[in-house]
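Just dropping this structure here.
Computed from a predicted model, the values in this text were never measured in an experiment.
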Amino acid sequence: MKKGDIFEGKVIRIEFPNKGIIDIEGQKVIVKNALEGQIVRFSINKKKRDKIEGRLLEVIEPSPIEQPAACKHFGICGGCRYQNLSYEQQLDLKKRQVEELIEKNGLSFDIENIYGSPITEGYRNKMEFTFGDEEKDGPLALGMHKKNSFYDIVTLDDCRIVDPDFNVLLQAILKYFKEKGETYFHKIRHEGFLRHLVMRRSVKTGDILINLVTTTQSQLDESEFVNMILAQKIDGKVVGILHTLNDNLADVVQSDETKTLYGQDYFYEYLYNMRFKISPFSFFQTNTLGAEVLYDKVREYVGETKDKLIYDLYTGTGTIAQMLASVASKVVGVEIVEEAVEAAKKNAVDNHLDNCEFIAGDVLKVVDNLAQKPDILVLDPPRDGIHPKALTKIINFNVDEMVYVSCKPTSLMRDLLVFREAGYEVKRACLVDMFPGTVHVETVVLLSQQKPDDVIEVDLDLDELDITSAESKATYQEIKDYVLKEFGLKVSTLYISQIKRKCGIEVGEHYNLSQKDNQKVPQCPKEKEDAIRAALEHFAMI
């Protein structure tokens with residue numbers, strides 16, 4: 001099997017997020033975007049010693065569980081992956097994938113349930129569309145990236161995960177700029193005018209905010225553009241039209257300057273009995289009704305909050321913080337995006353909450369200045385999870401319980417392994433599907449610090465153990481825990497035994513040494529040696 005070879009095979013299972021697994025001549029091949037049960041043709045495009053990947057060329061035979069996708073763009077557009085499954089099958093697949101990740105990472109806890117979105121179509125309250133072309137030098141397009149393509153754009157006229165008003169407005173705006181002969185911003189030549197179209201909508205009120213993102217390489221007829229949009233027949237109401245100028249070379253939505261062409265630059269969304277002000281660049285869950293399901297589980301997992309101090313790290317616009325503030329002594333939210341923090345402060349005032357404090361800054365740095373120990377921690381980090389150094393500082397709060405909300409299960413598993421090393425275990429866990437039709441799923445986990453409740457008396461004859469009195473003062477695990485807590489370093493039993501020998505503490509003759517002849521044994525680095533010596537001093541072993 002070599003790069004470029006073409007094979008056919010049956011997908012035996014799907015690994016998170018969308019990795020079809022095929023067995024070819026006893027070798028595991030990963031083919032993305034294939035579905036369990038399909039027979040596919042694929043070409044080998046990556047081959048490493050421990051991994052072989054293939055590119056899907058054709059579905060020869062559909063899976064028995066497949067059904068026709070409702071969206072006519074499915075299979076071409078890169079936005080959705082599971083629209084050819086019933087919603088029940090989507091939920092079952094996502095739950096199985098997360099359960100397999102738990103087992104694969106050596107963790108052991110049960111997923112209580114997976115909770116579906118209240119609606120499975122038109123659920124997104126925000127969408128970022130991109131200007132481009134469907135093929136090189138083709139006509140102007142506006143929509144989503146084609147599957148597996150960085151450049152080609154699929155024009156959407158019937159996207160099923162957004163409100164129908166978005167489809168109407170998208171088509172009108174595309175037609176307008178086609179007639180004007182405007183060009184899109186070319187990612188390689190760095191030439192062109194049109195970049196993105198961002199639309200946001202309040203599910204509870206129907207208010208819509210439109211933000212056109214362009215370069216400064218052409219001029220927009222602002223009044224004509226506004227009048228064209230306001231003339232469209234939609235069910236909702238356009239309350240604001242904005243124009244963001246962005247000459248940055250990166251393919252991201254960001255603002256050098258944002259002008260309000262019509263109305264206002266915000267609208268209000270409602271969760272429970274609270275109101276949240278949403279501006280063009282505010283973070284807010286993209287599935288409003290699904291967010292209520294998610295936050296119900298967070299509130300349930302947090303449990304009793306009366307007279308308790310809660311830290312909500314990665315708070316965004318403070319939705320979780322404000323939801324908990326009404327039943328807590330005080331909530332402190334930390335968020336790196338300053339605009340989101342300002343919005344959170346205003347939202348708290350609007351919701352008549354005076355026990356919320358919001359701090360702008362990186363969690364990694366801000367936690368150093370949070371002197372008061374919280375009773376409960378709530379963590380809702382971005383997709384890549386928690387920075388390793390921030391994770392150590394969070395663990396050092398030494399709270400009894402914390403609730404971790406994750407939008408990427410693989411990042412969550414990595415962080416849970418660190419929490420486990422620090423003495424936390426998963427007490428409860430569930431999934432909430434915020435993104436029907438896609439590969440994504442949210443996980444809510446309740447972590448509990450494990451402290452011994454019972455004492456078991458055991459008689460030991462120390463004469464039978466090959467240890468000194470000094471060695472018996474602290475276990476290897478206690479030394480590991482101390483080094484992790486105080487220095488943020490992980491050390492192995494082998495390294496600890498090496499430093500014990502250097503310090504004159506007797507250990508077993510062959511303790512943790514390789515049994516192979518001439519096997520090279522890794523030596524403890526200087527930084528870790530200093531940390532282990534500090535631990536031995538702490539436990540009065542040297």
Side-chain angles (χ1 to χ4, degrees), residues 112-113 115-118 123 125-126 200 202-205 266-279 282-337 339-360 363 370 374-382 394 399 401-407 427-434 442-447:
E112 294 175 348
N113 198 0
Y115 299 92
S117 172
Y123 60 84
N125 57 38
K126 177 187 176 184
R200 307 189 75 151
S202 168
V203 171
K204 301 298 179 69
T205 69
Y266 65 90
F267 62 77
Y268 290 105
E269 185 60 285
Y270 295 81
L271 284 175
Y272 305 108
N273 60 343
M274 293 184 293
R275 185 176 79 167
F276 295 91
K277 186 178 181 180
I278 309 298
S279 57
S282 295
F283 171 79
F284 195 81
Q285 290 285 358
T286 52
N287 182 344
T288 303
L289 300 180
E292 291 182 338
V293 177
L294 178 69
Y295 295 152
D296 277 344
K297 301 311 296 182
V298 172
R299 188 155 55 180
E300 178 186 332
Y301 279 20
V302 167
E304 177 58 49
T305 56
K306 185 179 179 182
D307 301 325
K308 290 187 176 180
L309 170 63
I310 301 173
Y311 285 173
D312 178 20
L313 307 184
Y314 312 95
T315 191
T317 51
T319 47
I320 292 178
Q322 293 175 66
M323 175 190 69
L324 297 174
S326 60
V327 289
S329 172
K330 182 179 179 181
V331 181
V332 177
V334 179
E335 170 59 43
I336 195 170
V337 180
E339 183 187 12
V341 171
E342 291 305 310
K345 291 177 179 178
K346 292 176 182 177
N347 290 332
V349 172
D350 288 346
N351 292 315
H352 309 292
L353 297 170
D354 58 5
N355 61 336
C356 286
E357 178 185 352
F358 294 101
I359 302 171
V363 168
L370 298 175
D375 298 298
I376 301 170
L377 281 173
V378 177
L379 311 169
D380 189 3
I394 289 168
V399 297
E401 290 186 334
M402 63 181 83
V403 175
Y404 190 142
V405 183
S406 169
C407 58
K427 193 173 180 180
R428 297 184 66 185
C430 70
L431 306 176
V432 179
D433 185 32
M434 300 279 284
E442 297 267 344
T443 310
V444 185
V445 169
L446 172 61
L447 288 161

Please enumerate all residues that pass ring pair (Phe, Tyr, Trp, His ring centres under 6.0 Å) together with Tyr301, with sequence neighbours excluded.
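In terms of ring pair (Phe, Tyr, Trp, His ring centres under 6.0 Å), with neighbours along the sequence ignored, Tyr301 is linked to no residue.
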Donor-acceptor pair, side chain of Asp375 and main chain of Leu309, under 3.5 angstrom:
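Such a contact is found between Asp375 side chain and Leu309 backbone.
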Let me confirm one number: the CZ-CE distance from Arg299 to Met323, rounded to the nearest 0.5 Å.
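The CE atom of Met323 is 5.5 Å from CZ of Arg299, to the nearest 0.5 Å.
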How close do Val445 and Ala429 get, counting heavy atoms only, and between which atoms?
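So the two residues come closest at CG2-CB, 4.1 Å.
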Expected output: side-chain Asn347 to main-chain Thr319 donor-acceptor under 3.5 Å
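No, Asn347 side chain to Thr319 backbone: no donor-acceptor pair under 3.5 Å.
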Go through it in stages, so that I can follow the logic: the residues are Glu335 and Phe283, the test is side-chain contact (heavy atoms from CB on, under 4.5 Å), and I'd like the CA-CA distance, side-chain angles, deciding distance and then a yes or no.
CA-CA 10 Å; Glu335 170 59 43; Phe283 171 79; over 6 Å; no
What pairs meet the salt bridge (Lys or Arg N to Asp or Glu O under 4.0 Å) rule with one or both residues in residues 305-321, with sequence neighbours excluded?
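Non-adjacent pairs meeting salt bridge (Lys or Arg N to Asp or Glu O under 4.0 Å): zero.
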If I take atom NZ from residue Lys126 and atom OG1 from residue Thr286, how far apart are they, to the nearest 0.5 angstrom?
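Rounded to the nearest 0.5 Å, the NZ-OG1 separation comes out at 8.5 Å.
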Can you measure from NZ (Lys330) to OH (Tyr311) and round to the nearest 0.5 angstrom?
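Interatomic distance, Lys330 NZ to Tyr311 OH, rounded to 0.5 Å: 7.5 Å.
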Using a 6.0 Å distance limit plus a 45 degree cone around the ring axis, check whether Arg200 lies over the aromatic ring of Phe284.
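Output no; distance or angle outside limits.
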Between Asn355 and Ser326 (side chain of the first, backbone of the second, donor and acceptor by atom type, cut-off under 3.5 Å), is there such a pair?
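No: the side chain of Asn355 does not pair with the backbone of Ser326.
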According to salt bridge (charged side-chain N to carboxylate O under 4.0 Å, His left out), who are the partners of Asp433, at least two apart in sequence or on a separate chain?
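In terms of salt bridge (charged side-chain N to carboxylate O under 4.0 Å, His left out), with neighbours along the sequence ignored, Asp433 is linked to Lys94.
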Can any side-chain N or O of Thr305 pair as donor or acceptor with the backbone N or O of Val327 at less than 3.5 Å?
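Yes; at least one donor-acceptor contact below 3.5 Å.
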Ile376 and Leu324: side-chain contact (heavy atoms from CB on, under 4.5 Å), yes or no, with the steps?
CA-CA 11 Å; Ile376 301 170; Leu324 297 174; over 6 Å; no
What distance separates Met274 CE from Phe276 CZ, expressed to the nearest 0.5 Å?
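Spacing of CE (Met274) from CZ (Phe276) equals 4.0 Å.
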Angle between ring planes, Tyr268 versus Tyr270, binned at 30° and 60°: parallel, tilted or perpendicular?
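Tilted.
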Measure from the side-chain N and O atoms of Ser117 to the backbone N and O of Met434, and report whether any donor-acceptor pair falls under 3.5 Å.
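Such a contact is absent between Ser117 side chain and Met434 backbone.
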Within 45° cone and under 6.0 Å: Lys345 NZ/CZ vs Phe358 ring
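No, cation not above the ring by the 6.0 Å, 45° rule.
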Side chain of Asn113, backbone of Cys430: donor and acceptor closer than 3.5 Å?
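The answer is no, because no donor-acceptor pair under 3.5 Å joins these two groups.
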Under 3.5 Å: donor-acceptor pair, side chain of Glu269, backbone of Val203
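Present.
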Criterion side-chain contact (heavy atoms from CB on, under 4.5 Å) on Lys297 and Glu442, from CA distance to verdict:
CA-CA 11 Å; Lys297 301 311 296 182; Glu442 297 267 344; over 6 Å; no
Among Asn351, Asp350, Thr317, find the one that has a side chain to side chain donor-acceptor pair (under 3.5 Å) with Gln322.
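With Gln322 as partner, side chain to side chain donor-acceptor pair (under 3.5 Å) holds for just one option, Asn351.
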Verify side-chain contact (heavy atoms from CB on, under 4.5 Å) between Tyr404 and Leu313, making sure each step is shown before the conclusion.
CA-CA 10 Å; Tyr404 190 142; Leu313 307 184; over 6 Å; no
